[in-house]
Amino acid sequence: MKFYSLVSSSASLALYGSLFLQTLFSFTKLHILTSAIFVLILTKLLYKYLSRRNQVYLIDFACYQPPSYLRASVASNVEHIAQNETMDDKSREFASKLFLRSCVGSSSCFPSVLHYIVPEPTLQASREEVEDILFTLVEDLFRKTNIRNPKDIDILIVNCSLFCPTPSISSMIINKFQFRSNISGYNLSGMGCSAGLVSVSLAKDLLKVHKNSLALILSLESISNNSYLGKNRSMLLTNSLFRMGGAAVLLSNRHQDRKFAKYSLQHIIRTTMAYDDQSYQSVFQEPDEDGVIGVSLAREITSVAGKALTTNITRLGPLVLPYSEQLKFGLAYIWHKIWPPAKRNKKIYVPKFKKAFKHFCIHAGGRAVIDVVQKSLCLTKEDSEASRMTLFRYGNTSSSSVWYGLCYIEAKGRMKTGDSVWQIAFGSGFKCNSAVWKCISEINPTVGSAWSDRIHKYPVEVPEPHIMTPMNSSSTHYADTYISMPMHLLFVNLNFTTMMMFLKMMSMFIVELFYLLRTCTAEAVDENLVQTFFSFSKFHILIATMFVLILTKQFYNLSTSNKVYLIDFSCYQPPTWLRAPVCSNLEHYEQGKYFNKETMDFVTKLLLRSGIGSNTHFPRVMSSIPPEPCLEDSLQEVKDIVFTSVEDLFHKTNITNPKIIDILIVNCSMFSPTPSISSMIINKFQLRSNISSYTLSGMGCSAGLVSISLAKDLLKVHKNSLVLILSFEILTNSGYFGRKKSMLLSNTLFRMGGAAILLSNKRQDRKIAKYSLQHIIRTTMSYDDQSYRAVYLEPDEDGLVGVSLAKDITKVAVKALTTNITKLGPRVLPYSEQLRYGLTYARHKISPPAKTDGSIPVPNFKKAFEHFCIHAGGRAVINVVQKSLSLTDEDTEASRMTLYRYGNTSASSVWYELGYIEAKGRMKVGDRVWQIAFGSGFKCNSAVWKCTSKNDATVKNAWSDRIGRYPVEVPEVFDY
C-alpha cells in the first residue's frame, strides 16, 4: 500500500511539474517576475508569523551567590569529617579522600546547619535554606528585569527534588511576593539534577497555550536534610559533590519582550532511561546496612550517562547539525558497517557538534561526568571550561548548575549575538535533557552576577586527581565511554506521506494560479495587467473558496483539537486485611501508649465524630505497635496503590502496549523519593524514553485537579496524545503521635487510597470516552497569610513533625470557594440565573431590610450541574460547602459516603465520589458534574465534566462490591 501511494504521488508530482514548467515558459518575463515577487513576499510573511508566534524568550536569569560565612573549604570539610563520631575510621578516611579529589574548591558553600558537628538537620532548617536561596534570587531577578509588580507573573514553576513541605515551595513564593490568585503554579519534585530543563520544557508548553505571559522558573536543591552520615561508600560521594545553590529564570512569549530578552529557545529535548533497570538504579535513594538513608551513586553512572546522552542527541542532531555533517556521519556509519577492517575499530565517527554550537554548558555533576561528555563529543578544554569552573567554585548545585555555567560564559564576555549554546543536564531516573538557546542581544559582561566579583581569577588550573570510584573497582574505565549513534540520526524526522501530500497540493495550486494568469493576460493584452488580474472572476472565486476552506478548517480545529476526553478512571480498593475499624484504631492508640489521658480523650472524640466508618484502610506498617515507618515501607505503599490502579485502568481501557502513553503526571504531596515516582512507573510499565513525565509535590488535596489542569494545557500542545494521571497520598511517614490538638486531626481523617485517570485529545477517542472536560478553574489564596497557614507542616513543642489544621480552616475554604466560583459562575450558569442573581445581589446591597438579614444571595448552581463531587476533606468541609451552595443532602451524598467508606484519600477523593455516582447508575448522557477540591496553600480548584457516553453501572469499580448498601445513615457521634 505504501509503495502504491509512493508511485501515485510521484506520478502526480511529475504530471503537475510538467504542466507547471509548460505554463511557466509560456509566460512573459513580466508575469514570471511579478508572480515570483508575490510568492516570495507571501512566503516570508508566513515564515515570520509561524516562527515567532510560539517563540519563547529568556529575558534574564539570576544565580544564587551564598554569603561568605557559609563557605566550606576543603580543609574544614576534612577536619569536620575527622571529628564526626558517627563514622568509623575507614569511612572517615574514604570521605576525606573524596573531598580532596572531588575537584570542588574551597569557595563552595554548605547551608548553616551542616557546619555543626554533628549536624542536626530539621524541617525548619530546610525551610530557611529554601527561603534564603529563593527569596534572594527572585528579588535579584525582579531588580534585573525591572518587574515592580509581581502580579505580572502568570506562571510559576519550582523544582526541588528532595524537599517537599506543606504548603509547597511554590505557595511559599506566592505568599512572600504576593502573586495573584489565578497564577498557574507547579511544584516539581524527585526529578533530579535535570529538573531545571524539565521546568523549561514545561514552561515552553505552557507558554504555547497562555499567550502574552511571563513564566518564572526557580531551580534549586535543599541539602540541609540530605547529608549522609553512614559508612556506605557509594553514598558518601554525594557529600563531596553537592553544594548550596539555585537559579531563577524569567521566560516570556510576548513579542515586545524580544527587544529586552537575552536568548530565544530553539529546542528542548527530554530523554528518560527509567525503563532500563541499570539506568533506573544508577542514582537511588535507599537505606544502608545500618538503616541510614542516603543517595547511592552506582559505579556505572558515567556509562549510563553516555547511553542517555546518545539517545538524547539522536533526536537533537537532526534539528541542529548542518546537512554536511549529517551526511559525513552517515557515510562513516555505513563504511563502518560494511568494511571489515572498519568493523574491528570500535570507534565510530562522532558528528562535530561544534559546528552547531558556540558554547556548551555541561551539568557539573562531577569531574567524571564532564570528562566523559567532553571526550564523547570531541570537545576541547575551553568548551568544558564553564562546567569545570562551576564545579570548582560552586560544586554540584544540582538542577541549577547549567545556569551557573551560562552565567560564567556571559561574565567572561564570550557570548555574542547569534551564538548558540547547548545546555546538557543529567538526573536520576536516569534522565538526559538538552536545551538549545540562541543569543539575540548584546550581553554586557560587567552586569553584576554570581561570577562578576572574581571572574578575572578564572579559569584556574584544577589538579588532576586519581580516578575514584564509589565502589572499590578498577573494572570501570570512564574515559573509554564513547557515543555510538544509530543510523537514523542522518535523516530529519519528517512524515514522508504528509510532505508528499503538501507538495502535491502546492503544485496543484501553483498550476491553477499560473493557468488563470495566462488566461487573464491572453484576454486582456492591451489592458493594465494588475487591473485584469484582480478583476478576473475565476481568480476571485478560487481565492474566496480557498479562504473559506482554510477558515472553516481553522475553526474546526479549534473546536475539536482542544477537546479533552476522559476515557476512563480507576480508584484503588485496598485489600480487606488493611481495614482499620474505629474501635481497632482506638485500641491501637491505647496499647501503644502514645498519648496521655487528656490527649487520648481528644483523639477518641475526634474519631467518633469524624464521619468515617469502619471500612477505611491504613498502610500495612501502621498496624504495628508502635509503627516504625521507613523509606522501604513508603515505597511499598506507592507500589501497592499505583501499580494496582494502573493495571486496572489498562485492563479497563484495553491498553496492551503502555508505550502508547505520551504524557505521565503524578501528584503526591508529602513523599518525594529519588528516582521520582514517575520514574518508578516508567520502569515498571516500560514506558518509552521520550515520554513527557512530571511529578508534582506539596500541592495538597487539590493536586488531583492541578494535574488535570496541567494535562489540559499539555494536550493543547501535543496533538493526538494520551495522558496518564496518578493521584494519591502516602501515609506511611505521615502519622503524628504528639500532643498538639491541631495536628491530631489529620490522623483521624486521612486514609489509604489513590486514582489513575486516562485522558486523550484524539478525535477517535470521543466515541469511547466517558466524559469531556468543559472547564477547569484554579484559585490559590497563598498571598493571604491566614489562608497560607491554614494547613501547615511544622514541628510541635516537642520537635515532632505534623500537619497543623487551623481552627478557621472552614472559613478559609469558603473564602477560596467564593473566589473560585466568581470565575466559574459566568461560564456555567444560564443567563437567566445570572440575571436573577444580579438583581438579588443589587437588592441586597440597596435594601435596608435585606442588609439586616445577614445572608448573602448565592446563585443556584443546580441549574448548571446535575452532580456534585465535593472533596471529602472532613464532615465540616462538606457541611460548609453544602450550606454555601444551598445544596441538598442528596447532592452531597457521594462525598459523605466516600468519607464514610474510604476516609479522606487526599487528591483522589473526588474520583471515588465520581465512581460512587456511576455505581449508583445516576450518571446519564449529557449530565454535568462539578468536582470541587481544596488543598494546602490554600487552594480551591474546580473541574466541570460532561458525560458523553452511556454509563454502565454494572462495570466493576471501587464501589461495585457493596454499592447496594449505600447510602447509610452516618450518626453525628458513633457508639463506642
Side-chain angles (χ1 to χ4, degrees), residues 63-64 102-104 108 133 157-164 188-202 217-223 226 228 235 237-247 249 268-274 279-285 294-298 301-302 304-309 312 360-373 384 386-388 390-391 394-407 422-435 470 672-676 678-679 693-695 697:
C63 294
Y64 177 67
S102 64
C103 299
V104 178
S108 60
I133 295 174
I157 303 173
V158 179
N159 63 266
C160 181
S161 286
L162 291 169
F163 180 56
C164 50
L188 305 180
S189 69
M191 308 197 76
C193 301
S194 67
L197 298 190
V198 173
S199 297
V200 172
S201 173
L202 177 57
I217 297 175
L218 303 174
S219 296
L220 79 155
E221 189 54 83
S222 173
I223 59 175
N226 298 308
Y228 174 69
M235 296 180 179
L237 184 57
T238 57
N239 290 356
S240 65
L241 291 175
F242 284 91
R243 296 294 189 275
M244 190 178 185
V249 184
I268 185 93
I269 301 294
R270 293 178 56 189
T271 301
T272 177
M273 307 297 291
S279 302
Y280 176 68
Q281 295 279 345
S282 61
V283 182
F284 205 82
Q285 186 183 35
V295 177
S296 171
L297 302 181
I301 190 168
T302 52
V304 167
K307 185 178 176 182
L309 180 62
N312 187 271
F360 299 83
C361 296
I362 305 166
H363 166 55
R367 166 162 253 162
V369 174
I370 299 173
D371 285 345
V372 74
V373 174
S384 61
S387 302
R388 294 187 189 280
T390 295
L391 180 65
Y394 287 102
N396 181 354
T397 57
S398 188
S399 57
S400 62
S401 69
V402 291
W403 298 106
Y404 282 93
L406 184 59
C407 186
W422 181 12
Q423 291 179 321
I424 308 171
F426 300 97
S428 60
F430 193 87
K431 306 178 191 72
C432 175
N433 299 327
S434 293
S672 177
T674 296
S676 64
S678 58
S679 294
S693 61
Y694 301 96
T695 303
S697 69

- Message: Quick check for you: to the nearest 0.5 Å, what is the distance between His363 atom NE2 and Leu309 atom CG?
- Response: 13.0 Å
- For residues Gln423 and Leu197, determine if any side-chain heavy atom of one lies less than 4.5 Å from a side-chain heavy atom of the other. yes
- Do Val283 and Phe430 have side-chain heavy atoms sitting under 4.5 Å apart? yes
- Message: For Thr390 and Ser401, which I'm curious about, is there any donor-acceptor pair between the side chains at under 3.5 Å?
- Response: no
- Item | Shortest non-hydrogen separation from Val369 to Thr302 and the atoms involved | N-CG2, 4.3 Å
- Task: Please report the closest heavy-atom contact between Phe163 and Glu221, naming both atoms and the distance.
- Result: N-OE2, 4.4 Å
- Item | Side-chain heavy-atom pair Ser434, Trp422 within 4.5 angstrom cut-off | yes
- Walk me through it: do Lys431 and Asn312 pass the test side chain to side chain contact (heavy atoms under 4.5 Å, CB included)? CA-CA 9 Å; Lys431 306 178 191 72; Asn312 187 271; over 6 Å; no
- Task: May I ask you to decide if Gly192's main-chain N or O and Ser161's side chain share a donor-acceptor pair within less than 3.5 Å?
- Result: yes
- Query: Looking only at atom types and distance, does a side-chain atom of Ser387 sit under 3.5 Å from a main-chain N or O of Ile362, one as donor and one as acceptor?
  - Reply: yes
- Distance col, row Cys361:SG vs Leu406:CG, nearest 0.5 angstrom, shows 5.0 Å
- Message: Show the nearest heavy-atom pair for residues Gly395 and Val104, with the distance to one decimal.
- Response: CA-CG1, 3.9 Å
Indicate every side-chain donor-acceptor pair of residues 240-247 with a distance under 3.5 Å to a residue at least two apart or in another chain.
residue : atom : partner : partner atom : Å
Ser240  : OG   : Leu237  : O            : 2.8
Arg243  : NE   : Ser108  : OG           : 2.9
Arg243  : NH1  : Asn239  : O            : 3.2
Arg243  : NH1  : Ser240  : O            : 3.3

- Note on the structure: Rounded to the nearest 0.5 Å, the OG1 atom of Thr238 sits from the CD1 atom of Ile223 at a distance of 9.5 Å
- Message: When you compare the side chain of Ser194 with that of Arg270, does any pair of heavy atoms fall below 4.5 Å?
- Response: no
- Message: As an exercise, state the distance from OG1 of Thr674 to CG of Asn226, rounded to the nearest 0.5 Å.
- Response: 8.0 Å
- Task: With the side chain counted from C-beta on, respond yes when Cys432 and Ile424 share a heavy-atom pair under 4.5 Å apart, and no when they do not.
- Result: yes
- Which heavy atom of Tyr64 sits nearest a heavy atom of Tyr404, and at what distance? O-OH, 2.6 Å
- CA sep, side-chain torsions, deciding dist, call: Leu188, Ser199, side chain to side chain contact (heavy atoms under 4.5 Å, CB included): CA-CA 8 Å; Leu188 305 180; Ser199 297; 3.7 Å; yes
- Message: Under the rule for ring pair (Phe, Tyr, Trp, His ring centres under 6.0 Å), what residues qualify as partners of Tyr280, not counting sequence neighbours?
- Response: Phe284
- Residue pair Ser384 / Ile370: nearest heavy atoms and the distance that separates them: CB-CG2, 4.0 Å
- Query: If you measure from CG on Asn159 to OG on Ser400, what distance do you get to the nearest 0.5 Å?
  - Reply: 9.0 Å
- First locate atom CE of Met191, then atom OG1 of Thr695, and finally report the distance between them rounded to the nearest 0.5 Å. 5.0 Å
- Could you walk me through whether Cys193 and Ser398 pass the side chain to side chain contact (heavy atoms under 4.5 Å, CB included) test, one step at a time? CA-CA 4 Å; Cys193 301; Ser398 188; 3.6 Å; yes
- Note on the structure: For Cys164 and Ser697, the nearest pair of non-hydrogen atoms, with its separation, is CB-OG, 3.4 Å
- Evaluate side chain to side chain contact (heavy atoms under 4.5 Å, CB included) for Leu162 paired with Gln285, printing each intermediate quantity in order. CA-CA 10 Å; Leu162 291 169; Gln285 186 183 35; 4.0 Å; yes
- Taking side chain as C-beta onward, heavy atoms only, is Phe426 less than 4.5 Å from Val373? yes
